[in-house]
S.K.: 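Attaching a single structure in structure tokens format; questions to follow.
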Amino acid sequence: MEEPRKLYMVVPCYNEEEVLPETSRRLKEKYQSLIQRGLISGESRVVFVNDGSKDNTWQLICKLHESDPDFFSGIDLAHNAGHQNAVLAGLMTVKDLCDMAITMDADLQDDINTIDAMVEKYYEGNQVVYGVRSARDTDTFFKRFTAEGFYKFMKTMGADVVYNHADFRLMSSRVLQELAEFREVNLFLRGMVPLIGFKSCCVYYERAERFAGESKYPLKKMLAFAINGITSFSTKPLKLITGLGCLMSALSVVALAWAFIAKIGGFSEPGWSSTMCSIWLVGGLQLLCLGIIGEYIGKIYSEVKARPRYIIAEFKNKEK
Ligand code: UDP
Ligand code: MG
């Protein structure tokens with residue numbers, strides 16, 4: 001068999017002190033078995049990215065690194081950059097150090113035992129392996145409803161995403177090099193990775209409940225994430241506006257004709273109510289359209305500034 005390859009895990013952590021000890025223990029166990037079976041190289045590692053946590057997450061990561069410097073590395077971001085940016089910070093840091101990288105949440109919702117299948121798929125020649133949730137039994141009804149609606153809505157809005165795949169995926173270093181060329185600031189990784197292309201496949205797993213602690217993705221963040229995903233990947237809303245504009249124009253011609261006929265026929269009423277209605281309707285539509293256009297202008301604004309997407313304060317990593 002060919003030489004086993006180096007696998008790096010990238011794990012974003014925001015206030016995860018409750019789950020980190022268990023996550024690191026389980027990952028270590030998994031790696032040991034993978035190394036023993038000759039699936040990955042002994043130089044493989046786990047890299048925790050501390051995303052500006054307010055609790056003791058970074059202290060815990062430092063302890064893990066000190067106790068096992070050949071296995072645990074840590075990246076400390078200077079401030080809370082958000083999940084997507086934290087993942088990217090980790091990936092860009094490890095892209096030249098590993099042969100493949102897997103991104104996974106810290107809360108053990110993604111099944112660690114799926115890693116075996118992911119790595120096997122990598123050796124079969126896949127450059128990207130998507131972890132796809134086969135069931136959502138452990139999610140609350142609300143989470144399931146909103147999340148599945150999100151994937152369907154993204155599809156109809158023209159963004160190419162893998163259904164029920166979040167950010168649990170394996171990428172080869174080749175793909176990471178290409179990902180580095182994507183300069184956008186409004187990150188939506190699950191839309192960007194399919195754009196890169198290469199041979200890819202899916203592995204299926206059942207999503208567990210969060211091991212401990214609370215979700216760091218409240219409804220507000222989830223909504224912001226969905227809106228970002230659509231406006232970063234699709235111009236369909238703009239086209240819808242155009243369609244709406246055409247429809248309104250057509251309707252107004254009909255209305256005009258009717259008003260004219262009514263006038264000539266002499267059966268027009270003082271049209272106070274219809275005037276009020278149209279003012280409200282047209283005003284509302286205009287505001288809606290302006291809002292959507294504003295979304296895109298906001299995007300242009302932040303892309304043009306081209307600010308760094310994350311800032312690494314410290315990288316604890318022992319050279320081998
Ligand atoms: N996370 C992060 N920065 C944030 C919010 C979340 O790095 O600002 C991390 C978090 O620590 C976890 C992952 O992103 O590892 C997913 O968050 P969570 O499990 O809370 O989201 P959910 O599974 O509820 O959607
Ligand atoms: Mg979670």
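All ligand and atom numbering here is 1-based and tracks the order in the structure. A quick note: this is a predicted structure, and the numbers were derived from the prediction, not measured.
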S.K.: Salt bridge check: are D76 and K316 linked by an N-O gap of less than 4.0 Å?
M.R.: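 Salt bridge between D76 and K316, a charged N being under 4.0 Å from a carboxylate O: no.
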S.K.: Please check: side-chain N/O of Y31 versus main-chain N/O of R45, any donor-acceptor pairing under 3.5 Å?
M.R.: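 Answer holds: yes.
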S.K.: If only atom types and distance count, is the side chain of Y123 paired as donor or acceptor with the main-chain N or O of L39 below 3.5 Å?
M.R.: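 It does hold such a pair.
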S.K.: Can you tell me if an N/O/S atom from Q109 lies under 2.8 Å from the Mg ion (ligand 2)?
M.R.: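 Yes - counting backbone and side chain alike, Q109 has an N, O or S atom under 2.8 Å.
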S.K.: Counting backbone and side-chain atoms alike, is an N, O or S atom of D107 positioned under 2.8 Å from the Mg ion (ligand 2)?
M.R.: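 It does: D107 brings an N, O or S atom closer than 2.8 Å to the Mg ion (ligand 2).
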S.K.: Under a 4.0 Å heavy-atom cut-off, what residues line ligand 1?
M.R.: P12, C13, Y14, E16, D51, N80, G82, H83, D105, A106, D107, Q109, K143, R207, R210, S215, K216, Y217, K221
S.K.: Check N85, T57, N80 against D51 for a side-chain hydrogen bond (donor to acceptor under 3.5 Å, both in side chains) and give me the one that passes.
M.R.: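 Only match with D51 under side-chain hydrogen bond (donor to acceptor under 3.5 Å, both in side chains): N80.
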S.K.: Check whether more than 12 heavy atoms from other residues, nucleotides or ligands sit under 6.0 Å from atom CD of E214, and answer yes or no.
M.R.: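 Open: at most 12 neighbouring heavy atoms sit under 6.0 Å from CD of E214.
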S.K.: Any donor and acceptor pair, going by atom type alone, linking the side chain of D107 with main-chain N or O of Q109 inside 3.5 Å?
M.R.: yes
S.K.: Between the side chains of R207 and D110, is the shortest nitrogen-to-carboxylate-oxygen separation below 4.0 Å, so that they form an ion pair?
M.R.: yes
